[in-house]
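For reference, the structure discussed in these notes is given below.
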There are 2 protein chains.
Amino acid sequence: MASPQPPYRASARSADDDVLRHVSARERIAARGGRVTRTRLAVLEMLQHGSHPLSHDEIGDALASAGVAHDRVTLYRALDWLVEQGLARRIAGGERAWRFEGVRDAAHRHAHFHCDRCGQVVCLEGLEPAPATALPNGFQVERAELVLHGQCATCGRGDEEVRPR
Amino acid sequence: MASPQPPYRASARSADDDVLRHVSARERIAARGGRVTRTRLAVLEMLQHGSHPLSHDEIGDALASAGVAHDRVTLYRALDWLVEQGLARRIAGGERAWRFEGVRDAAHRHAHFHCDRCGQVVCLEGLEPAPATALPNGFQVERAELVLHGQCATCGRGDEEVRPR
DNA sequence: GTCTTCTTGCAACATTGTAGCATTAGGCCT
DNA sequence: AGGCCTAATGCTACAATGTTGCAAGAAGAC
């Protein structure tokens, strides 16, 4: 499961890769005892392949333009299921909406960078949030979320078109 | 509606404290060139005094039970103004809603703990999010948000009544 | 091919936040 | 103290993001 390449970089792929991904997604879903539906398949593949965490909205758009029409609710439920099964992770985007990313290695964690200008979120490999030390008595930490805020490279370059907030 | 606990901890205070806090809040607002309205006054005092970040909802409830009725929108705008003026800070609660905390020292930053069971958020003094190092080229970090997730002391103690998720 | 039950799709609703605009009131000036 | 100007307020409407309930459809076991 641990690939030699950077986990979320969109690299050039061959048709073989596509087949592999497809099979993999199908098997991972089936292995959890869930039914392999086109929604789950398409979403999981998209998340596995995605270079950064995607919002529900982005996923919906991508599905639509891929010719796979879906109800909003169905998509929510598919995402919920994937998260529940540990195949995807839900992270809090800077805005109100959740973002979702594929999980390859359940143990692997990383921080995220949120561009306050265009709203984009990118993964920061190699920057693991340090677990807490000085906690009040009785508190149990299960995970840590580290989000860096600022301006991404694209927005910093100047006056490109920007989706405002 | 809001949490079952008291919205912000009402510790024993003297009348002098009240006067001091009141004056301070009033002056801080006026110093920013804003009008001192009962909404801003009440909200800022509540935030300054609060022991943990409060949601819009909690603040609204507290205001209502303090006999200061307010429109939802007015409260949003008062909070926005306080954040804009650097008197309050907006942090992303685990849920969709923002939470707000008073700012005493603009330079002082701290992490937060979010209880995934009851939704409560507490401040973790002494745990400053480490600024990023290994960022891609062209990225500029302005601030870091570190949120620890897990179970708070109250929820960990067992089967007290809990607002589920 | 049939059957069971998990998923989907629809409609309705809940929560959280914003926009526009007429009305109120803070605070400066006289 | 009274008047005036304009920042704040309080509506009402609307937008964005999720959730719930339930009938209809499809995945997969037999």
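All chains are named by letter (A, B, ...) in the order of the sequence lines, taking the proteins before the strands, and each is independently numbered beginning at 1. Bear in mind the structure is a predicted one, so any value in this text is a computation, not a measurement.
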For atom [atom1] of [X] and atom [atom2] of [N], their distance in whole Å:
X       : N      : atom1 : atom2 : result
A/Arg99 : D/dT17 : CZ    : P     : 10 Å
A/Arg90 : D/dT19 : CZ    : C1'   : 12 Å
B/Trp98 : C/dT18 : CH2   : C1'   : 14 Å
B/Tyr76 : C/dT16 : OH    : P     : 7 Å
A/Gln85 : C/dC6  : CD    : P     : 13 Å
A/Asp71 : D/dT19 : CG    : P     : 14 Å
B/Arg96 : C/dG17 : CZ    : C1'   : 11 Å
B/Asp61 : C/dT15 : CG    : P     : 12 Å

Exercise answer: donor-acceptor pairs, residues 33-40 of chain A side-chain atoms, under 3.5 Å, sequence neighbours excluded:
{"residue": "A/Thr37", "atom": "OG1", "partner": "A/Arg40", "partner atom": "N", "Å": "3.3"}
{"residue": "A/Thr39", "atom": "OG1", "partner": "A/His70", "partner atom": "ND1", "Å": "3.1"}
{"residue": "A/Arg40", "atom": "NH1", "partner": "A/Arg35", "partner atom": "O", "Å": "3.0"}

- If you pin A/Arg72 and A/Trp81 to their nearest nucleotides in DNA chain C, which one's is more 5'?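 Counting from the 5' end, the first nearest nucleotide belongs to A/Trp81.
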- Considering only Ile, Leu, Val, Met, Phe, Trp and Tyr, and joining two whenever side-chain heavy atoms are under 4.5 Å apart, list the other residues clustered with A/Ile91. A/Val121
- Once base and sugar-phosphate atoms are separated, protein heavy atoms under 4.0 Å mark nucleotides 21-30 of chain D, 5' to 3', with B, S and - as B----BBS--
- Message: So, OP1 or OP2 of D/dA8: does either fall under 4.0 Å of a side-chain N or O from B/Thr74?
- Response: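 For B/Thr74, the contact criterion (side-chain N or O under 4.0 Å from OP1 or OP2 of D/dA8) is not met.
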- Side-chain N or O of B/Thr39 less than 4.0 angstrom from OP1 or OP2 on D/dT9?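 Yes, such a contact exists.
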- Kindly compute the distance separating CG (B/Leu87) from CD (B/Gln48), expressed to the nearest 0.5 Å. 7.5 Å
- Message: Does B/Asn137 have more than 12 heavy atoms from other residues, nucleotides or ligands lying within 6.0 Å of its CG?
- Response: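 Atom CG in B/Asn137 is not crowded, with 12 or fewer foreign heavy atoms closer than 6.0 Å.
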- Item | Pair B/His114 + B/His112: ring centers closer than 6.0 Å | no
Please enumerate all protein N or O atoms sitting under 3.5 Å from an N or O of nucleotides 28-30 of chain C, with distances to 0.1 Å.
none

- Task: Compute the angle between the rotation axes at the two ends of the helix from C/dG1-D/dC30 to C/dT30-D/dA1, each taken over five pairs, rounded to 10 degrees.
- Result: 30°
- Transitively linked via ILVMFWY side-chain contacts under 4.5 Å: A/Trp81 with A/Tyr76? no
- Query: Are B/Val141 and A/Leu124 connected in a single hydrophobic cluster, I mean Ile/Leu/Val/Met/Phe/Trp/Tyr linked by side-chain heavy atoms less than 4.5 Å apart?
  - Reply: yes
- Task: Could you pull out all residues at least two apart from A/Asp80 that satisfy salt bridge (charged side-chain N to carboxylate O under 4.0 Å, His left out)?
- Result: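 By the salt bridge (charged side-chain N to carboxylate O under 4.0 Å, His left out) rule, A/Asp80 matches A/Arg90.
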- When you look at A/Leu47 and A/Leu79, which way does the side chain to side chain contact (heavy atoms under 4.5 Å, CB included) test go after all the steps? CA-CA 10 Å; A/Leu47 290 182; A/Leu79 286 167; 4.1 Å; yes
- Message: If you apply the rule salt bridge (Lys or Arg N to Asp or Glu O under 4.0 Å), what do you find for B/Arg77 with B/Asp71, and how did you get there?
- Response: CA-CA 10 Å; B/Arg77 288 198 268 232; B/Asp71 183 60; 5.5 Å; no
- Note on the structure: From the list A/Glu58, A/Arg89, A/His56, side-chain contact (heavy atoms from CB on, under 4.5 Å) with A/Arg99 holds only for A/Glu58
